[in-house]
Undergrad: 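Take this structure, written in structure tokens, and hold onto it; I'll ask about it next.
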Amino acid sequence: MKTKPAVLLTENIHPKYLAKLERYARVVRPPDLSQATLINIAAAEQIQAIIVRTKGDITREVLAASPHLKVVGRHGIGVDHIDLSAATEHGVWVVNTPGASRVAAAEHTWAMILALAKNIPAGDSAVRSGDFGIRERRKSLQLEGKTLGVIGLGRIGTTVATTAVKGFGMRLLYNDLLRFPVKERRLGARKVSLKALLSKSDIVTIHTPLDESTRGMIGARQLAWMKPTAFFVNCARGAIVDASAVADALKRGKLAGAAFDVFVPEVPPPDHPLLNVVGAVLSPHCAAQTAEANLGYAAVVEDVLRVLAGRVPKFPVNSPQT
């Protein structure tokens, strides 16, 4: 009887794909996600695949301790906690599920935008305290005719942008490493510099991956380019934006509002700057926490099994040396 390959599963996944994984592989679950534990298990269990969610770093050290490893599957999109260079050097595929959260993340982004534009959190609090006078003091922003700036016009960014143009009649600016002529024609979008986008947009939303080129890309200098009436939304990765700079801009009236679904660290401590500032709308990194998105994320099992069977994956993040 052929021995099943060992797959290290760091967190729970959807039962449908867990059952499929267990059918074709021996699933190993670590007692914790420390580097020492991951290194010891990778070596002792002859791990051939690792599936990670948001916790557990797949570092160069983990990869070096995994001589049998063929593939690391990311249950999600962002791979900033996986050492891509080291994986490529070791001949290990890294795969993810790039389209799984497109709809969920875009919908959540719009929930955040509307919460800001329509004063939903402040209005809710005012009604509960009997303060109907808030409607005279704080006017909502009407979206039609306003400008949305999208940083990163990938799958999620495009879905957000399409809703802006087709649903709300907004104008669209975007900033991206690439140019998208078809999207420009379809959405009436204009590609501009980051400075132009920030200075001309009424609402800015960011949808870039986190890597060394985007880490800290929005700080005090960039926020100073924005209109004091503008809103900023981050449903991408916390480390892309300097949260302290955003909080400071809100306090000084240099920004009308900000919405964050992501933080550094993942669970913000009590002294996190955004927790105690007026004008911030916050959610617990739940943009993609829908049943549909989680099922889509778990489909990474398909690509992991494809690699274990000696085939090329459908959604590779790297091109490993073999």
Side-chain angles (χ1 to χ4, degrees), residues 99 101-124 134-208 218 222-223 225-236 240-241 246 249-250 253-261 279-283 286-288 290 292-293:
S101 66
R102 177 185 64 84
V103 172
E107 288 179 350
H108 192 84
T109 298
W110 273 106
M112 298 295 246
I113 291 173
L114 290 168
L116 290 171
K118 304 304 178 182
N119 294 316
I120 300 300
D124 178 86
I134 192 173
R135 63 183 184 176
E136 301 300 330
R137 300 192 306 272
R138 297 185 61 169
K139 300 298 183 184
S140 296
L141 178 71
Q142 185 165 303
L143 298 180
E144 185 176 24
K146 301 301 188 299
T147 298
L148 178 71
V150 179
I151 303 173
L153 202 64
R155 290 177 175 87
I156 297 170
T158 298
T159 304
V160 172
T162 301
T163 301
V165 174
K166 305 293 186 181
F168 289 105
M170 298 182 75
R171 294 188 293 267
L172 181 64
L173 301 177
Y174 78 96
N175 177 264
D176 199 290
L177 292 175
L178 303 175
R179 181 156 206 158
F180 301 102
V182 174
K183 294 178 186 180
E184 289 179 15
R185 291 192 296 271
R186 180 167 62 86
L187 298 174
R190 284 198 301 128
K191 182 180 180 182
V192 296
S193 68
L194 180 61
K195 184 173 185 178
L197 183 146
L198 291 170
S199 63
K200 295 178 184 296
S201 297
D202 299 296
I203 300 168
V204 173
T205 179
I206 191 161
H207 299 286
T208 65
I218 303 296
Q222 290 74 26
L223 292 167
W225 296 334
M226 295 183 66
K227 303 175 184 179
T229 55
F231 298 122
F232 186 89
V233 179
N234 182 13
C235 291
I240 296 171
V241 182
V246 173
L250 290 171
K254 301 298 184 181
L255 197 61
F260 276 63
D261 183 55
V281 176
L282 311 175
S283 59
C286 62
T290 66
E292 294 85 354

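Basis for what follows: all heavy atoms, side chains included, without hydrogens, waters or symmetry-related copies. Position 1 is the first residue of the sequence, and the numbers go up from there.
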Undergrad: Does the pair Phe180 and Thr158 meet the rule for a side chain to side chain contact (heavy atoms under 4.5 Å, CB included), with working shown?
TA: CA-CA 10 Å; Phe180 301 102; Thr158 298; over 6 Å; no
Undergrad: Is the backbone of Leu250 close enough, under 3.5 Å, to the side chain of Lys254 for a donor and an acceptor to pair up by distance?
TA: no
Undergrad: Ignoring hydrogens and angles, write down the donor-acceptor pairs under 3.5 Å from the side chains of residues 103-111, residues two or more places apart or on other chains.
TA:
residue	atom	partner	partner atom	Å
His108	NE2	Ser283	OG	2.9
Thr109	OG1	Ala105	O	2.8
Trp110	NE1	Val160	O	3.1

Undergrad: Ignoring hydrogens and geometry, is there a side-chain-to-backbone donor-acceptor pair from Lys146 to Arg171 under 3.5 Å?
TA: no
Undergrad: Between the side chain of Lys183 and the main-chain N/O of Ala161, is any donor-acceptor distance below 3.5 Å?
TA: no
Undergrad: For Ala122 and Ile134, work out which heavy atoms get closest and say how close.
TA: O-CD1, 3.6 Å
Undergrad: Quick one: does any side-chain atom of Lys191 pair with a main-chain N or O of Asp176 as donor and acceptor, under 3.5 Å?
TA: yes
Undergrad: Of all heavy-atom pairs between Arg186 and Lys166, which one has the smallest distance, and what is that distance?
TA: O-NZ, 3.5 Å
Undergrad: State whether the side chain of Asn175 and the backbone N or O of Ile151 hold a donor-acceptor pair below 3.5 Å, judged by distance alone.
TA: no
Undergrad: Could you walk me through whether Ile218 and Met226 pass the side chain to side chain contact (heavy atoms under 4.5 Å, CB included) check?
TA: CA-CA 11 Å; Ile218 303 296; Met226 295 183 66; over 6 Å; no
Undergrad: What do you reckon, is CG of Leu178 surrounded by more than 12 foreign heavy atoms closer than 6.0 Å?
TA: yes
Undergrad: Which heavy atom of Ala293 sits nearest a heavy atom of Ala288, and at what distance?
TA: CB-O, 3.1 Å
Undergrad: Name the atoms and distances for all side-chain donor-acceptor pairs under 3.5 Å in residues 196-206, with sequence neighbours left out.
TA:
residue	atom	partner	partner atom	Å
Ser199	OG	Lys195	O	3.0
Ser199	OG	Ala196	O	3.1
Ser201	OG	Gly149	N	3.4
Ser201	OG	Leu197	O	2.7
Asp202	OD1	Lys227	NZ	3.0
Asp202	OD2	Thr147	N	2.8
Thr205	OG1	His207	NE2	2.7

